[in-house]
Trainee: 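Take a look at this one; I'll ask things after.
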Number of protein chains: 2
Amino acid sequence: MPRWEPDGVGRLQAAAFELFAEQGFERTTVAEIAQRAGLTQRTFFNHFADKREVLFGLGSEFQEEIVREIAACADTLPPLDVVVRALQAASDTMFEERRAAVTRRQEIIDANPELQERELSKQAALIHAIAAALHARGLDPETALLTAGAGMLVQQTAVRRWTQPAESRPLRELLSDALHSLRTVATQTTDQRVVPLET
Amino acid sequence: MPRWEPDGVGRLQAAAFELFAEQGFERTTVAEIAQRAGLTQRTFFNHFADKREVLFGLGSEFQEEIVREIAACADTLPPLDVVVRALQAASDTMFEERRAAVTRRQEIIDANPELQERELSKQAALIHAIAAALHARGLDPETALLTAGAGMLVQQTAVRRWTQPAESRPLRELLSDALHSLRTVATQTTDQRVVPLET
DNA sequence: ATACTGATTTCAGCAAGTGCAATCACTGAT
DNA sequence: ATCAGTGATTGCACTTGCTGAAATCAGTAT
């Protein structure tokens, strides 16, 4: 028999997820989470840097996936398209099948400012990772950061719609839509009008 | 004689700013800040919701200024131009003359993850305020949020350069440049090429 | 005079987070 | 089989952030 029940990290994540959903983030104590997972408060902090972090375990995998996709993408594509395609690929494998779970997680986060801060922080980290991946493809750092920011703007817009009950389309499509919306917003200008040129 | 020395809030902000610069955010205790300001820890928390908040006092004024500018802007301008012009106007009155102070503040924030999180949170709040102001002008909420996000992307890009030692141009110009960069990034596309149309 | 205001203080206490030493089933080497 | 090492877990003591409630008291209005 093993000395400890397996997958302590997973049990802590599950317990935290449940308790946050049941009674909210603030009214849940770390000791409480650990107790439900059959562990100690001290053990919780051995695995997670702080109370918030327990909700953001999947973030790093998502980031790695995206960086991989960007590195693997065709060289001829415009940078913003590269980013959005990477987001689409990662979405297919990591989001599409878990819509219910993702949505519930988002509700927990939306209900608490501290968690929102942490999520913004993770998004910022993702932006920098994307920018680094673009820079590795030869883009200058300034433009890379701007492009990464634009990409995450697209991602946020798409996910916001995807997690709404009325929406049933795949995230991949919503990403394409959001990219188109951003291009529309960015293209409208005073001193010049642009029109598509037939190829 | 007054019962208390005047401007307790200002003294707390100044003391915090100094201490954070001297020894960093983490190694500075709230009791320490209060002591340097000649007040109590409890009084600190009467004025600021938490230890981080003491660095973000000017944010709300900036937000109000921008919302005002957006509401006052000409109806014919494209939304993204409206946002950037508002940012330019607010920058002139609230940033341009304080470059040294703004830069030092930014250094403090850049040195600490918790402060970075709070700054991202403030930026998100600003995005929502801008989106609300755009929505009040008749833009649909979805597009308003996207446009506000694009505007803040421009802002971040411009401020990042403005706070670099090598840069000497006014923030107003850098905002124009960043807007142009964003338009360039967003305009490059695979399935259609766009060209300026002479008016 | 009197009551009221409001910024400040004191105090008691919870919860987050950390450093350190100890435990002890499991593992690999002898 | 034995023995030393590994590593996840734990207990404990401690600092710090943050809060609620009640008390203080100069200035102000009535």
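All chains are named by letter (A, B, ...) in the order of the sequence lines, taking the proteins before the strands, and each is independently numbered beginning at 1.
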Trainee: Tell me every residue that passes ring-ring contact (aromatic ring centres under 6.0 Å, His included) with A:F45, counting only those two or more places apart in sequence or in another chain.
Mentor: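 Here no residue qualifies.
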Trainee: Under 3.5 Å, which donor-acceptor pairs link side chains of residues 4-15 of chain B to any protein atom two or more places apart or in another chain?
Mentor:
unit_1, atom_1, unit_2, atom_2, d
B:D7, OD1, B:G10, N, 3.1
B:R11, NE, B:A37, O, 3.2
B:R11, NH1, B:E5, O, 3.0
B:R11, NH1, B:P6, O, 3.1
B:R11, NH2, B:A37, O, 2.8

Trainee: Over how many whole Å does the gap from A:H47 atom NE2 to D:dA8 atom P extend?
Mentor: 7 Å
Trainee: Where along residues 8-40 of chain A does a heavy atom come under 4.0 Å from DNA chain C, residue by residue in number order?
Mentor: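 Listed by number, they are A:T28, A:T29, A:V30.
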Trainee: Using whole Å, report how far CG of B:N112 lies from C1' of D:dT16.
Mentor: 15 Å
Trainee: Would you mind reading off the distance between B:Q41 atom CD and D:dG17 atom P, rounded to a whole angstrom?
Mentor: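 One finds 7 Å between P of D:dG17 and CD of B:Q41, rounded.
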Trainee: Which pairs pass salt bridge (charged side-chain N to carboxylate O under 4.0 Å, His left out) with one or both residues in residues 140-154 of chain A, sequence neighbours excluded?
Mentor: A:E142-B:R161
Trainee: List for me each residue that meets salt bridge (charged side-chain N to carboxylate O under 4.0 Å, His left out) alongside A:R172, sequence neighbours excluded, and say none if there are none.
Mentor: A:D92
Trainee: Taking salt bridge (charged side-chain N to carboxylate O under 4.0 Å, His left out) as the cut-off, I'd like each qualifying pair that reaches into residues 30-39 of chain A, sequence neighbours left out, listed once.
Mentor: A:E18-A:R36, A:E22-A:R36
Trainee: Strictly under 3.5 Å: I want the nitrogen or oxygen pairs between protein and nucleotides 20-23 of chain C, one per line.
Mentor:
unit_1, atom_1, unit_2, atom_2, d
C:dT23, O2, A:R3, NH2, 3.4

Trainee: Suppose the criterion is side-chain hydrogen bond (donor to acceptor under 3.5 Å, both in side chains): which pairs have a residue in residues 62-73 of chain B, not counting sequence neighbours?
Mentor: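 Pairs touching residues 62-73 of chain B that pass the test: B:E65-B:R68.
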Trainee: Check the distance between C:dG13's C1' and B:F45's CZ and give it to me in whole angstrom.
Mentor: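 Roughly 15 Å, once rounded to whole Å.
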Trainee: Please report, to 0.1 Å, the donor-acceptor pairs under 3.5 Å made by any side chain of residues 148-158 of chain A, with sequence neighbours excluded.
Mentor:
unit_1, atom_1, unit_2, atom_2, d
A:Q156, NE2, A:Q123, OE1, 3.1
A:T157, OG1, A:L153, O, 2.8

Trainee: Check B:D81 with B:R183, please: is the shortest side-chain N to carboxylate O separation under 4.0 Å?
Mentor: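 B:D81 and B:R183: salt-bridged.
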Trainee: Where along residues 48-59 of chain A does a heavy atom come under 4.0 Å from DNA chain C, residue by residue in number order?
Mentor: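 Contacting residues: A:A49, A:D50, A:K51, A:R52.
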Trainee: Inspect the contact between B:E26 and B:K51 and indicate whether a charged nitrogen and a carboxylate oxygen are less than 4.0 angstrom apart.
Mentor: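 Result for this pair is no, no salt bridge flagged.
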Trainee: Going by side chain to side chain contact (heavy atoms under 4.5 Å, CB included), name the residues that satisfy it together with B:Q35, two or more places apart in sequence or in a different chain.
Mentor: none
Trainee: A:F44 has an atom CZ; how far is it from atom C1' of C:dA15, in whole Å?
Mentor: 13 Å
Trainee: Whole Å only: how far is the CD atom of B:E114 from the C1' atom of D:dC18?
Mentor: 13 Å
Trainee: Show me the pairs that pass salt bridge (charged side-chain N to carboxylate O under 4.0 Å, His left out) and involve residues 148-159 of chain B, at least two apart or across chains.
Mentor: none
